[in-house]
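The structure appears right after this line, and notes come after that.
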Amino acid sequence: MSDEHLHLHPSTRRFADEDAQSRIRRIRTDRWIGYARAEAVLAALEDLLSFPRRTRMPNLLLVGPTNNGKTMIVEMFRRAHPGTAAEGNDDGMALLPVVKVQMPSGPDEGRFFGAILDALGMPFSPRDRIAAKQDTAVRVMRAAGTRMLVIDELHNVLSGSAMQQRRLLNLLRWLGNELQIPLVGVGTAEALRAIRSDDQLVNRFQPYPLPLWSDDEEYRRLLSTLEAVLPLRKPSHLADTALAARILSASEGVLGEMIAIIIRAAVRAVDTGAEAISARVIEDTGFIRPSERRRVAV
């Protein structure tokens with residue numbers, strides 16, 4: 001084994017001698033990067049999933065800036081609890097312990113139950129009455145042994161009228177009571193504002209924040225982990241003070257932006273033969289900060 005590859009995780013070293021295009025494909029592939037905050041959320045979700053049924057179930061609200069890892073965490077959790085064949089189930093239906101849906105961008109009860117039915121793999125017609133969709137969704141979740149409902153993009157509730165917001169929030173409370181399962185909301189700070197507008201819901205949802213990143217030990221550890229799984233032939237020393245500060249500044253503390261910067265820089269490092277990420281390589285990618293992109297869009 002070449003000493004030049006010892007900076008890589010053992011599972012990645014064997015890819016370092018592949019051709020450029022193969023390595024670029026690996027660099028661009030989605031991967032789970034564990035870190036302390038994410039592991040804490042996963043542990044909290046596991047605890048909720050094991051909670052015994054009762055009239056008033058605890059709920060969790062995962063809240064943080066856009067592109068800061070929320071959806072990836074709940075998707076990782078869902079994949080850890082996949083549907084299984086229901087041997088011996090009288091209904092002949094597969095068991096689905098975790099159902100994950102996205103709150104529609106134009107939220108109303110019909111579209112919300114349609115999203116649940118889609119997640120359950122149940123056919124329906126957009127013309128079906130809301131009550132019919134609701135009854136089918138609840139019946140199928142019971143038959144599938146669903147023990148948790150995850151609602152991503154919960155802040156979309158606020159894009160509806162005041163009446164729609166009230167009806168959807170009442171619906172969430174009713175679903176939790178009717179099914180006696182925990183609800184997990186995922187969204188930006190706007191999701192927390194929506195929940196806080198309902199006096200009964202706010203007492204049921206425990207906020208779990210995923211704040212912007214800062215230059216601390218956990219951040220440096222994340223950079224080192226990322227460097228170890230990208231098949232570059234030379235060490236980049238991403239966790240060194242100057243380079244870590246540059247990445248944090250360019251990403252504005254947003255996890256998804258950090259990863260995008262590093263992935264783009266790693267691809268350029270392979271393309272140019274540099275084989276390591278440096279401040280110059282990052283500069284050459286032409287990465288635009290999130291706040292600057294928003295100004296351009298306006």
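Start at 1 with the first residue, then count along the sequence.
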Smallest separation among heavy atoms of Leu49 and Arg147, with atom names: O-NH1, 3.2 Å

Thr146 side chain vs Pro97 backbone, donor-acceptor pair below 3.5 Å: no

For the student: nearest non-hydrogen atoms of Lys234 and Ala274, plus distance: CD-O, 3.7 Å

ILVMFWY cluster, Leu154 and Leu158 together (side-chain gap under 4.5 Å): no

Pair Asn177, Arg204: side-chain N/O donor-acceptor within cut-off below 3.5 Å: yes

Verdict with reasoning, Leu183 to Phe205, per side chain to side chain contact (heavy atoms under 4.5 Å, CB included): CA-CA 8 Å; Leu183 306 180; Phe205 277 86; 4.0 Å; yes

Asn156 versus Ser105, side-chain donor and acceptor atoms under 3.5 Å: no

Met76 side, atom CE; Trp32 side, atom CH2 - distance, nearest 0.5 Å: 5.5 Å

CZ-CG distance between Arg37 and Leu222, expressed to the nearest 0.5 angstrom: 9.5 Å

Polar side-chain atom of Glu109 near backbone of Leu168 as donor-acceptor pair, under 3.5 Å: no

Side-chain heavy-atom pair Glu178, Arg142 within 4.5 angstrom cut-off: yes

Results of ring-ring contact (aromatic ring centres under 6.0 Å, His included) for Tyr35 - residues two or more places apart only: Trp213

Test item: Lys100 and Glu75 side chains (from C-beta on) under 4.5 Å apart, heavy atoms: yes

Donor-acceptor pair between Gln165 and Ser197 side chains, under 3.5 angstrom: no

Val186 vs Ile151 side-chain heavy atoms within contact, under 4.5 Å: no

Heavy atoms of other groups near Arg111 CZ, more than 12 under 6.0 Å: yes

Asp19 and Ser22: side chain donor to acceptor below 3.5 Å: yes

Separation of Trp174 CH2 from Leu171 CG (nearest 0.5 Å): 7.0 Å

pair Ile262-Leu238: side-chain heavy atoms closer than 4.5 Å: yes

Gln200 side, atom CD; Asn170 side, atom CG - distance, nearest 0.5 Å: 8.0 Å

Shortest non-hydrogen contact from Ile277 toward Ser236: N-OG, 2.8 Å

Greater than 12 external heavy atoms within 6.0 Å of Arg127's CZ: no

Listed partners of Phe77 passing ring-ring contact (aromatic ring centres under 6.0 Å, His included), at least two apart: His81

Thr136 vs Arg139 side-chain heavy atoms within contact, under 4.5 Å: yes

Side-chain donor or acceptor of Arg13 paired with backbone N/O of Leu8 under 3.5 Å: yes

Working for side chain to side chain contact (heavy atoms under 4.5 Å, CB included), residues Arg28 and Ile24: CA-CA 6 Å; Arg28 286 174 168 162; Ile24 286 173; 3.6 Å; yes

Test log, rule side chain to side chain contact (heavy atoms under 4.5 Å, CB included), inputs Leu175 and Val138: CA-CA 8 Å; Leu175 267 178; Val138 170; 4.1 Å; yes

Gap between atom CD1 of Ile33 and atom CE of Met72 - 0.5 Å precision: 8.5 Å

Donor-acceptor under 3.5 Å (Asn68 side chain, Pro211 main chain): yes

Pair Glu153-Lys70, salt bridge (charged side-chain N to carboxylate O under 4.0 Å, His left out): steps then yes or no: CA-CA 10 Å; Glu153 306 291 338; Lys70 304 182 300 297; over 6 Å; no

Student check: side-chain heavy atoms of Phe287 and Arg293 closer than 4.5 Å: yes

For Arg221, side-chain hydrogen bond (donor to acceptor under 3.5 Å, both in side chains) partners two or more places apart: Glu217

Flag side-chain contact, heavy atom, 4.5 Å: Leu223 against Glu227: no

Contact check, side chains of Val150 and Val101, non-hydrogen atoms, under 4.5 Å: no

Distance-only donor-acceptor check, side chains Ser249 and Arg289, under 3.5 Å: yes

